[in-house]
Amino acid sequence: HVQLVESGGGSVQVGESLIISCAASGFTFDNVGWYRQAPGAGCELISAIYDNGTTYYADSVKGRSTISQDTAKTINYLTMNNVELEDSATYYCAADRRPGVFVGGGNCRQKMRYEYIYSGRGTQVTVS
């Protein structure tokens, strides 16, 4: 059974660190993207790692986040340091990029399914 599952969300205090993970079962991924969506806000791609190891970070998390993965490419991690109230959101991971970029509104589930082959159901992060 092929699936992608996020874990590691929960409640954290401002200034603390957080590690969320994305585990693949039934396949190994070539590349991974992390998205997040807060209530009432749009979907934001916050980090990605590509086939050649190149990484991307959105300005909102740059400098305090690191994307990493195991050598087997079955688990991907997003580490966020010095979390802020604005980091409260549902975090989603997606794997194996399709061509094209989803244009327009919509939630993360729509955006991820357009842009990646596999996507998870999300993990909630609450910063207080």
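From a predicted model like this one, the values you see are computed outputs, not experimental measurements.
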With [X], which residues qualify under side-chain hydrogen bond (donor to acceptor under 3.5 Å, both in side chains), at least two apart?
X   : result
T54 : N52
D70 : T74
T66 : none
E44 : R36, S60

Note: R64-D87 ion pair, threshold 4.0 Å (strictly below):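 Salt bridge between R64 and D87, a charged N being under 4.0 Å from a carboxylate O: yes.
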side-chain contact (heavy atoms from CB on, under 4.5 Å) partners of V5, counting only residues at least two apart: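 Scan of V5 (side-chain contact (heavy atoms from CB on, under 4.5 Å), adjacent residues dropped) gives Q3.
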Which residues share a side-chain contact (heavy atoms from CB on, under 4.5 Å) with I67, sequence neighbours left out: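 Checked I67 against side-chain contact (heavy atoms from CB on, under 4.5 Å); matches are W34, S47, I49, T55, Y57, N76, L78.
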Mind checking the [atom1]-[atom2] spacing from [X] to [Y]? Nearest 0.5 Å is all I need.
X    : Y    : atom1 : atom2 : result
Y116 : L4   : OH    : CG    : 11.0 Å
Q13  : L85  : CD    : CG    : 10.0 Å
D96  : Y118 : CG    : OH    : 6.0 Å

Pairs meeting criterion salt bridge (charged side-chain N to carboxylate O under 4.0 Å, His left out) with involvement of residues 5-18, two or more places apart: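 Sorted pair list comes back empty.
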Salt bridge (charged side-chain N to carboxylate O under 4.0 Å, His left out): pairs with one or both residues in residues 113-128, sequence neighbours excluded: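 Qualifying pairs, neighbours excluded: K111-E115.
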Chi angles and distances behind the side chain to side chain contact (heavy atoms under 4.5 Å, CB included) call for Y56, L45: CA-CA 9 Å; Y56 162 81; L45 175 69; 4.0 Å; yes
Is there a path of hydrophobic side-chain contacts, each under 4.5 Å between heavy atoms, that joins [X] and [Y]?
X   : Y    : result
Y35 : I117 : no
V32 : V61  : yes
V83 : V14  : yes

For A38 against S88, the heavy-atom pair lying closest together: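 Where A38 meets S88 most closely, the heavy atoms are CB-O, 3.5 Å.
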Heavy-atom closest pair, residues M112 and A94: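 Taking every non-hydrogen atom into account, SD-CB, 4.1 Å.
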Side chain to side chain, L18 and V125, heavy atoms closer than 4.5 Å: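 Side chain of L18 against side chain of V125, heavy atoms only: contact under 4.5 Å found.
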Qualifying side chain to side chain donor-acceptor pair (under 3.5 Å) pairs, either residue in residues 98-110, two or more places apart: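 As it turns out, there is no side chain to side chain donor-acceptor pair (under 3.5 Å) pair with a partner in residues 98-110 once direct neighbours are skipped.
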Sidechain-backbone polar pair: T123 side chain, G9 backbone, donor-acceptor under 3.5 Å: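 The answer is yes, because a donor-acceptor pair under 3.5 Å joins these two groups.
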Remaining members of the apolar cluster that contains Y114, side-chain heavy atoms under 4.5 Å: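 Grouped by the 4.5 Å side-chain rule, F102 form the rest of the cluster around Y114.
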Between T90 and Q124, a side-chain donor and acceptor under 3.5 Å: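 Yes, a side-chain donor-acceptor pair sits under 3.5 Å.
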Residue pairs involving residues 26-78 (criterion disulfide (SG to SG under 2.5 Å); sequence neighbours excluded):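 Only C43-C108 qualify under disulfide (SG to SG under 2.5 Å).
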For residues 20-30, dump all side-chain donor-acceptor pairs below 3.5 Å to protein atoms at least two apart in sequence or in another chain.
| residue | atom | partner | partner atom | Å |
| --- | --- | --- | --- | --- |
| S21 | OG | S7 | OG | 2.8 |

